[in-house]
Amino acid sequence: MFILSAFVDVLLPVTVVVASGYALRRRFALDLPSLNRLSMYVLGPALIFTTIVRIDMAGGEALRIIAASVAVCLGIGVIGLITGTILRLERSSLAALLLCVMFMNSGNYGLPTSRFAFGEAGFQRALLYFIAQTILAQTLAVPIASAGRSDLRSAVRQMFAMPQIYAVALGLLARFSGIDLPHRGDALGSVFRGVALMADAALPLLLLLLGMQLANGTTVEDWRLTATAAVLRLGISPVLAYGIARALMLDDLALRVVVLEASMPSAVNMVLYSLEFNARPRFVAGVVVVTTLLSLVTLTLLLSVLR
């Protein structure tokens with residue numbers, strides 16, 4: 001009963017939207033790059049900004065959630081590096097494995113799942129986790145995908161080219177300046193309501209995009225290494241996240257959110273990095289599809305415990 005309830009209450013609504021995006025992509029030749037840019041440069045930053053302004057959480061707890069997100073990413077990266085060394089992977093395969101296990105789909109998949117599982121308070125904590133993951137992906141994915149060929153300067157330049165970091169900065173500025181944007185009746189309040197309207201469209205589009213990206217189809221290139229990546233991403237990562245959350249003394253809700261976010265499948269946008277730097281893109285795409293499908297089972301079981 002608990003397992004069935006976890007799937008019906010949380011994952012079934014998510015699956016309906018993802019399946020709709022999948023069917024839409026299979027039926028029509030949609031312009032995915034433009035939709036991705038809409039999400040990345042407009043709706044996503046709007047969601048980050050409005051949530052930071054509205055969030056009801058102590059600063060210390062927020063910092064611990066961000067620290068947990070960073071620690072999970074780096075910790076599973078170390079485990080992946082050790083695993084790749086034991087398996088004697090060559091550099092491009094090791095880079096591909098690290099892309100798959102370090103960076104999770106905490107946005108498209110994790111944010112709506114956290115909202116359905118733990119309500120608005122859980123969603124706010126999940127967004128803090130996602131913000132940290134976004135910055136980590138911008139700073140670490142490039143040098144990893146290029147297997148050391150990219151310098152620090154290019155990684156920093158790419159990070160500052162992304163709008164999410166500016167949405168974080170503006171949100172913090174508005175929050176700590178004492179401007180109560182959500183309740184203002186002047187022009188600033190109207191501007192905030194317009195931004196919030198865009199933010200409301202972010203989660204449905206993220207899920208539709210996930211379905212559209214899965215509809216592109218792929219084949220599993222290396223079953224042995226794919227299974228290794230899936231175990232690390234879906235099995236080891238949540239256990240590691242639980243230990244980190246306990247060590248950081250997160251409260252009960254934050255702990256559950258961190259574990260749930262850390263249990264998400266491999267991030268879809270890692271396929272783009274692997275393509276750009278030729279880090280076994282077919283393998284990375286296969287891992288994304290396999291972990292996303294397996295997550296319907298693993299997340300259902302996990303949610304039956306967390307809830």
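We're numbering straight along the sequence, starting at 1. Computation of the quantities below employed the complete heavy-atom set of this structure, encompassing side-chain atoms and omitting hydrogens, waters and symmetry-equivalent molecules.
- Side chain of Ser39 to backbone of Leu35: no donor-acceptor contact under 3.5 angstrom is found.
- No side-chain donor-acceptor contact under 3.5 Å links Arg25 to the backbone of Gln213.
- Listed for the Arg115 side chain is no donor-acceptor partner under 3.5 Å among the backbone atoms of Glu120.
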- Query: When you look at Ser274 and Phe283, which way does the side chain to side chain contact (heavy atoms under 4.5 Å, CB included) test go after all the steps?
  - Reply: CA-CA 9 Å; Ser274 64; Phe283 164 75; over 6 Å; no
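- Summarising the local packing, CZ of Arg282 is surrounded by 12 or fewer heavy atoms from other residues, nucleotides or ligands at distances under 6.0 Å.
- For the pair Thr292 (side chain) and Pro265 (backbone), a donor-acceptor distance under 3.5 Å is absent.
- In this structure, Thr50 contributes its side chain and Ala196 its backbone to no donor-acceptor pair below 3.5 Å.
- Asn105 CG to Ser263 OG: the interatomic distance, rounded to the nearest 0.5 Å, is 13.0 Å.
- Exactly one residue among Leu81, Ile86, Ile79 makes a side chain to side chain contact (heavy atoms under 4.5 Å, CB included) with Thr83. That residue is Ile79.
- Residues Ser92 and Arg280 bring no donor and acceptor atom of their side chains to less than 3.5 Å of each other.
- Within a 6.0 Å sphere centred on CZ of Arg184, heavy atoms belonging to other residues, nucleotides or ligands number more than 12.
- Side-chain contact between Leu97 and Leu89 is present, with at least one heavy-atom pair separated by less than 4.5 Å.
- Side chains of Leu255 and Leu248 form no contact here, defined as non-hydrogen atoms less than 4.5 Å apart.
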- Audit row: Leu260, Leu306, side chain to side chain contact (heavy atoms under 4.5 Å, CB included) steps and yes/no: CA-CA 8 Å; Leu260 180 62; Leu306 292 178; 4.0 Å; yes
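- With a 4.5 Å cut-off on side-chain heavy atoms, Phe103 and Asn269 do not count as touching.
- One finds a salt bridge joining Glu61 and Arg125 here, because a Lys/Arg side-chain nitrogen approaches an Asp/Glu carboxylate oxygen to under 4.0 Å.
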- Message: Please determine whether side chain to side chain contact (heavy atoms under 4.5 Å, CB included) holds for the pair Glu261 and Val72, giving the CA-CA distance in whole Å, both sets of side-chain angles, and the decisive distance to 0.1 Å.
- Response: CA-CA 10 Å; Glu261 287 284 303; Val72 169; over 6 Å; no
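- Counting only distance, with no hydrogens or angles, the side chain of Ser69 and the backbone of Tyr129 share a donor-acceptor pair below 3.5 Å.
- Val18 has its side chain out of reach of Tyr109: every pair of non-hydrogen atoms, C-beta onward, lies at least 4.5 Å apart.
- Within 6.0 Å of the CZ atom in Arg193, the count of heavy atoms belonging to other residues, nucleotides or ligands exceeds 12.
- The minimum heavy-atom distance between Pro13 and Phe7, with the atom names listed, is CD-O, 4.5 Å.
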- Task: Give the C-alpha distance, both sets of side-chain angles, the deciding distance and a yes or no for side chain to side chain contact (heavy atoms under 4.5 Å, CB included) between Ser237 and Val101.
- Result: CA-CA 8 Å; Ser237 182; Val101 302; over 6 Å; no
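- At least one donor-acceptor pair closer than 3.5 Å links the side chain of Asp186 to the backbone N or O of Gly189.
- A donor-acceptor pair under 3.5 Å is formed between the side chain of Thr291 and the backbone N or O of Val288.
- With rounding to the nearest 0.5 Å, the separation of CZ in Phe118 from CG in Asp252 is 8.5 Å.
- Residues Met249 and Ile244 fall into different hydrophobic clusters, defined by Ile, Leu, Val, Met, Phe, Trp and Tyr side chains chained together at heavy-atom separations under 4.5 Å.
- Asp9 has its side chain out of reach of Phe116: every pair of non-hydrogen atoms, C-beta onward, lies at least 4.5 Å apart.
- No donor-acceptor pair closer than 3.5 Å links the side chain of Arg26 to the backbone N or O of Met212.
- With a 4.5 Å cut-off on side-chain heavy atoms, Val268 and Leu210 count as touching.
- A distance of 14.5 Å separates CZ of Arg37 from CG of Leu43, quoted to the nearest 0.5 Å.
- Put simply, Val289 and Val220 are part of two different groups of oily side chains (I, L, V, M, F, W, Y) that touch within less than 4.5 Å, one to the next.
- For the atom pair Met102 CE and Leu232 CG, the distance stands at 12.0 Å (nearest 0.5 Å).
- Within the 4.5 Å cutoff, the side chain of Leu225 has no heavy atoms near those of the Val287 side chain.
- The shortest side-chain heavy-atom distance between Phe49 and Met198 does not fall under the 4.5 Å cut-off.
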